[in-house]
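Structure first, then comments.
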Amino acid sequence: MAEAEHSEILVIGAGIIGVTAALALQSEGRKVRILDRAGVAAGTSVGNAGAFAYADVEPLATPGIMRKAPKWLLDPLGPLSLRPGYALQLSPWLLKFWRASRKDRYAAAVKAQSELMHLSQEAQERLIVQVSGEPLMRREGQMQLYEGAASYRASLPSWELRRRHGVNFDLFESPDAIAEIQPGVSRRFTHAGYTPEWMNTVDPAVWTHHVAEAFVARGGRIDTAEIRTLRAREQGVEVETDTGTLRAAKVVLAAGAWSRSLARALGDRIPLDTERGYNTTFPTASFDLRTHLTFSDHGFVVTRIGAGLRVGGAVELGGLDLPPNYRRAEILVEKTARFLSGFEPTGGTQWMGFRPSMPDSLPVISASPKSRDVIYAFGHGHLGLTQSAGTAQLVAALCAGRAPGIDLSPFRADRF
């Protein structure tokens, strides 16, 4: 691999965050190269639900969640579980998660998340136009389903929170009302919230490749390399790879769950961990899915991917190294067969991915405290696709040294 020019920006990571950030930098006249250990959309960006979830402004760390968490965490097949072999290693993250659930910190996180959502939604619409991407979008809304009045009533504060932050929605209080939007849902689901402005991509891998192709068509370069370490220099950054050492004026670190070790090489200890998610993708749709479905009481979604369906979700706290437990994916498919009339669970392909997650559910979007020439863009959890265009806009502002569109203090690398 040739020596990088000192004026070049290197983006580490070819997932949706990295390729969108690279395109944004390139659009401002910067020379940009992407490095990734496996190629475009080879990680979490290939297997997510494909949703632009701008309505999801509430972090996982909500007030009172620690009273519920022990029961969830001890169920190995529940919607939120902790692998026993990872419990000790995760304990510092869980302590920060508990602190983030305090009312004052929770309120600040909601405000920051909402601002990033609004920025990202506007930026995404501009990006769709820029890359002629409308054919890759589905604007079919999203329905969150609840079993019984008690579950529905418990959700109402979250819907009111969305209302205060500008999210449009309708609430349904009968199976018949649900069926008008989505026929075939079991009548055990008696209530729902519907967000009509919700948007999905037809396939997150296809969308990521589409953005990457736009970047390459405009003169960008994508190389495959294993990044071993980063070193800050008096001017610029040194990047050691398995094929040689590169120098760049700036580096954007957008390597998802693998960003923590590279940040640590610079001296930054960031509490980034993983929420492992499971799904099964069926190449043909046996159920006429008309909107993105979220089964709120069970922690998973059913969404259209290409001509088929994807069933996935839940959270498993288990780090990067433990083997997958695909029984979790099987449970979700079994539930879907009970919940959706006519759904046939045959011919599916299972997958497990690593969502890079911070204890307060807010990503890291900031310069490294150790080097102003390293810009961090990772830790988006479930919302990487959703917040990719907004993050790209903020990364471009940080690289240019201009004021960003929102207050970035909640996203600082050293906030913990």
Side-chain angles (χ1 to χ4, degrees), residues 11-24 36 41-61 93 96-97 100 109-124 127 199-201 204-205 207-208 211 252-260 262-263 268 270-277 301 312-313 315 317 320 353-366 368 375-398 404-406 408 410-413 415-416:
V11 176
I12 298 175
I16 190 59
I17 298 292
V19 299
T20 310
L23 182 62
D36 190 274
T44 305
S45 292
V46 74
N48 64 66
F52 294 92
Y54 302 116
D56 289 356
V57 297
E58 188 169 37
L60 183 60
W93 189 95
K96 292 177 176 65
F97 177 83
V110 169
K111 181 177 183 296
Q113 195 77 284
S114 179
E115 290 177 354
L116 181 55
M117 289 297 198
H118 285 296
L119 180 79
S120 296
Q121 188 169 15
E122 294 172 356
Q124 180 65 29
L127 176 61
M199 179 175 70
N200 286 54
T201 175
W207 171 247
T208 305
V211 176
V252 176
L253 180 55
W258 287 267
S259 300
R260 181 175 64 179
L262 293 173
D268 291 326
I270 298 174
L272 177 73
D273 219 286
T274 63
E275 298 175 30
R276 295 148 59 108
V301 306
V315 171
L317 301 170
L320 290 169
F354 302 100
R355 308 180 188 106
S357 298
M358 298 292 289
D360 58 1
S361 300
L362 298 177
V364 178
I365 307 173
S366 79
S368 162
I375 306 299
Y376 291 151
F378 54 77
H380 295 75
H382 300 248
L383 299 169
L385 177 65
T386 301
Q387 297 175 339
S388 55
T391 299
Q393 179 177 315
L394 295 170
V395 166
L398 288 168
I406 60 174
L408 284 184
F411 308 99
R412 294 190 332 268
R415 64 185 184 265
F416 291 94

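Below, each value reflects all heavy atoms present in this structure, side chains not excepted, and no hydrogens, waters or symmetry copies.
- Panel note: side chain Ser114, backbone Val110; no donor-acceptor pair is recorded below 3.5 Å.
- Smallest separation of non-hydrogen atoms from Ser259 and Ala254: OG-C, 4.1 Å.
- Side-chain atoms of Ile406 and His118, non-hydrogen and from C-beta on, never get closer than 4.5 Å to each other.
- Interatomic distance, CG of Leu262 versus CG of Leu253, reported as 5.5 Å (0.5 Å rounding).
- Taking the side chain as every heavy atom from C-beta outward, Leu116 and Ile365 approach each other to under 4.5 Å.
- Here the closest heavy-atom approach between residue Arg355 and residue Gly381 is recorded as CB-O, 3.7 Å.
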- Check against side-chain contact (heavy atoms from CB on, under 4.5 Å), Leu408 and Leu398: CA-CA 10 Å; Leu408 284 184; Leu398 288 168; 3.9 Å; yes
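- Under the side chain to side chain contact (heavy atoms under 4.5 Å, CB included) criterion, Arg415 pairs with Met358, Asp360, Leu362, Val364, Arg412, sequence neighbours left out.
- The six-membered or imidazole ring of Phe354 lies near that of Trp258, with a centre-to-centre distance under 6.0 Å.
- Taken to the nearest 0.5 Å, the OG atom of Ser366 stands 8.0 Å off from the OH atom of Tyr376.
- Judged as a side chain to side chain contact (heavy atoms under 4.5 Å, CB included), and not counting sequence neighbours, the contacts of Ala55 are Arg162, Val167, Thr195, Trp198.
- Residues Gln113 and Gln387 bring a donor and an acceptor atom of their side chains to less than 3.5 Å of each other.
- The two residues Ala49 and Val301 make their nearest non-hydrogen contact at CB-CG2, 3.9 Å.
- Residues Glu275 and Ser357 have side chains that bring a donor and an acceptor to within less than 3.5 angstrom of each other.
- Residues passing the side chain to side chain contact (heavy atoms under 4.5 Å, CB included) test with Asp36, sequence neighbours excluded: Ala14, Ala38.
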- Task: Tell me, with the steps shown, if Val19 and Val11 meet side-chain contact (heavy atoms from CB on, under 4.5 Å).
- Result: CA-CA 8 Å; Val19 299; Val11 176; over 6 Å; no
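- The shortest side-chain heavy-atom distance between Val315 and His382 falls under the 4.5 Å cut-off.
- Considering only residues two or more places apart in sequence or on other chains, Gln124 meets the side chain to side chain contact (heavy atoms under 4.5 Å, CB included) condition with Phe52, Tyr54, Leu127, Ile128, Met137, Met199, Trp207, Ser388, Ala389.
- In this structure, Asp56 and Thr386 have side chains that are not in contact, with every pair of non-hydrogen atoms separated by 4.5 Å or more.
- Atom CD1 in Ile17 sits 8.5 Å away from atom CG in Leu385 (nearest 0.5 Å).
- Partners of Glu115 by salt bridge (charged side-chain N to carboxylate O under 4.0 Å, His left out), not counting sequence neighbours, listed by chain and number: Lys111.
- The minimum heavy-atom distance linking Ala100 with Pro359 is given by the pair CB-O, 3.9 Å.
- The distance from atom OG1 of Thr391 to atom CZ of Phe378, rounded to the nearest 0.5 Å, is 12.0 Å.
- When side chains are defined from C-beta on, Thr274 does not count as touching Leu317, because their heavy atoms never get closer than 4.5 Å.
- Thr20 is linked by a side-chain hydrogen bond (donor to acceptor under 3.5 Å, both in side chains) to nothing, counting only residues two or more places apart in sequence or in another chain.
- Side chains of Phe416 and Ile270 form no contact here, defined as non-hydrogen atoms less than 4.5 Å apart.
- Closest non-hydrogen pair, Ala397 versus Pro404, comes out as CB-CA, 4.1 Å.
- A donor-acceptor contact under 3.5 angstrom links the side chains of Ser368 and Asp268, judged on distance only.
- Heavy atoms only, all atoms of each residue included: Leu272 and Pro356 are closest at CD1-C, 3.8 Å.
- In this structure the side chain of Ser45 never reaches within 4.5 angstrom of the side chain of Pro204, judged on heavy atoms.
- Formation of a donor-acceptor pair under 3.5 Å by the Ser361 side chain with backbone atoms of Leu60 is found in this model.
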